[in-house]
S.K.: 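Pasting a structure below so you can have a look.
Just so it is clear: chains get the letters A, B, ... in the order the sequence lines come, proteins before strands, and each one is counted from 1.
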Amino acid sequence: MCGRTYKTYTNEELFYRYLNIKPIDLPELNPNYNMAPTQETMVLRVVDGEREFELMRWGLVPFWAKDVKSADRYSMINAKAEEITEKRSFKAAFEKRRCIIPMSGFFEWKKEGTARKRPFCIRLKDEPIMSLAGIWEHWKSKEGTQDVISYAIITTDANEAMKEIHSRIPVILNRNDEALWLDSENANSTELKKLLKPCPSDWMDFYSVSTMVNSPKNNRPEVLQPA
DNA sequence: CCAGACGTTGTT
DNA sequence: GTCTGG
DNA sequence: CCAGACGTTGTT
DNA sequence: GTCTGG
């Protein structure tokens with residue numbers, strides 16, 4: 001699973017990485033050292049053939065949901081890659097609304113016997129930003145008072161390196177597959193599903209951190225320090 | 001047909 | 001134990 | 001994901 | 001909106 005992430009990149013790094021442009025006059029991005037579900041972050045998608053960033057809420061709220069709270073009860077912060085084409089809540093989004101969630105890394109908790117779970121910080125060895133595969137939805141209340149764009153992170157079986165910590169990991173896309181994944185005109189489900197594989201073990205790097213990260217209230221650089 | 005669910009992870 | 005909030 | 005709340009009545 | 005269960 002993937003239930004906590006972090007981002008320390010700047011706006012300039014983000015836009016240069018995905019749009020190949022140096023942004024001018026953009027508001028400065030706040031780092032989030034401890035991002036929990038329900039919080040918002042910039043997500044990359046393609047609209048009318050153009051890449052764009054949109055601020056989205058973590059936790060998918062399908063457009064047919066009665067309200068945001070009822071959707072939250074179903075814990076749609078992750079979507080299982082293996083079943084994404086069969087699930088009612090994900091199928092349409094997988095076909096038409098794929099996205100990339102740029103993150104610096106994420107946290108996983110390893111169970112160690114009966115002892116307290118130990119948190120780990122996971123990142124890429126050679127890249128400051130990882131492209132997490134996701135799907136998004138646009139939900140509007142009938143009264144038109146609420147308008148929520150939300151996303152879920154796709155998970156799959158852990159690769160060998162990550163199995164040491166946890167059985168599931170988020171899908172981290174290969175840079176060469178990003179355009180294919182984002183293309184909203186692409187209707188080749190078989191081809192798309194092939195992208196939802198665990199990334200190679202040797203891309204990843206991890207180390208244990210203190211339990212300070214357990215509480216989402218601790219949005220501080222110290223949560224990234226090795227324990 | 002209509003009503004009601006629509007999810008993940010991990011653990012038993 | 002289970003649900004909600006972050 | 002983990003942390004923290006989990007309730008009612010009546011009064012401010 | 002769409003699928004599953006009865």
S.K.: A:Leu60 has an atom CG; how far is it from atom C1' of E:dG1, in whole Å?
M.R.: 14 Å
S.K.: Under 4.0 Å, counting only non-hydrogen atoms across every strand here, what does A:Phe107 touch: a base, just sugar-phosphate, or nothing?
M.R.: nothing
S.K.: Using the P atom as the point on both nucleotides, what is the distance between E:dT4 and B:dG7, in whole Å?
M.R.: 10 Å
S.K.: Would you tabulate the pairs of protein nitrogen or oxygen atoms and nucleotide nitrogen or oxygen atoms of nucleotides 10-12 of chain B closer than 3.5 angstrom?
M.R.:
{"unit_1": "B:dG10", "atom_1": "OP1", "unit_2": "A:His166", "atom_2": "ND1", "d": "3.0"}
{"unit_1": "B:dG10", "atom_1": "OP1", "unit_2": "A:His166", "atom_2": "NE2", "d": "2.3"}
{"unit_1": "B:dG10", "atom_1": "OP1", "unit_2": "A:Ser167", "atom_2": "OG", "d": "3.4"}
{"unit_1": "B:dG10", "atom_1": "OP2", "unit_2": "A:Ser167", "atom_2": "OG", "d": "2.7"}
{"unit_1": "B:dG10", "atom_1": "O3'", "unit_2": "A:Lys111", "atom_2": "NZ", "d": "2.8"}
{"unit_1": "B:dT11", "atom_1": "OP1", "unit_2": "A:Lys111", "atom_2": "NZ", "d": "2.0"}

S.K.: Does A:Pro37 reach a base, just sugar-phosphate, or nothing at all? Heavy atoms under 4.0 Å.
M.R.: base
S.K.: Please work out the stems of DNA chain E from pairs that are Watson-Crick or G-U wobble with both distances under 3.5 Å, keeping only runs of three or more consecutive pairs.
M.R.: B:1-6 with E:1-6
S.K.: Taking atom C1' of B:dG7 as reference, at what distance in whole Å does atom CD of A:Glu86 sit?
M.R.: 15 Å
S.K.: Just to be sure I understand the rule, does A:Thr155 reach a base, reach only the sugar-phosphate, or reach nothing, if contact means heavy atoms closer than 4.0 Å?
M.R.: sugar-phosphate
S.K.: Are the ring of A:Tyr74 and the six-membered base ring of B:dG7 within the stacking cut-offs of under 5.5 Å and under 30°?
M.R.: no
S.K.: Would you say A:Lys91 reaches E:dC3's phosphate, i.e. side-chain N/O to OP1/OP2 under 4.0 Å?
M.R.: yes
S.K.: Check the pair A:Thr41 / A:Lys7 against side chain to side chain donor-acceptor pair (under 3.5 Å), numbers first and verdict last.
M.R.: CA-CA 9 Å; A:Thr41 191; A:Lys7 54 171 182 179; 2.9 Å; yes
S.K.: Which is true for A:Phe106 with a 4.0 Å heavy-atom rule: it touches a base, it touches only sugar-phosphate, or it touches nothing?
M.R.: nothing
S.K.: Of the nucleotides B:dT8, D:dC1, C:dG6, which has the atom closest to the A:Ser75 side chain?
M.R.: B:dT8
S.K.: Within the 4.0 Å heavy-atom criterion, would you say A:Ser215 contacts the bases, only the backbone, or no part of the nucleic acid?
M.R.: sugar-phosphate
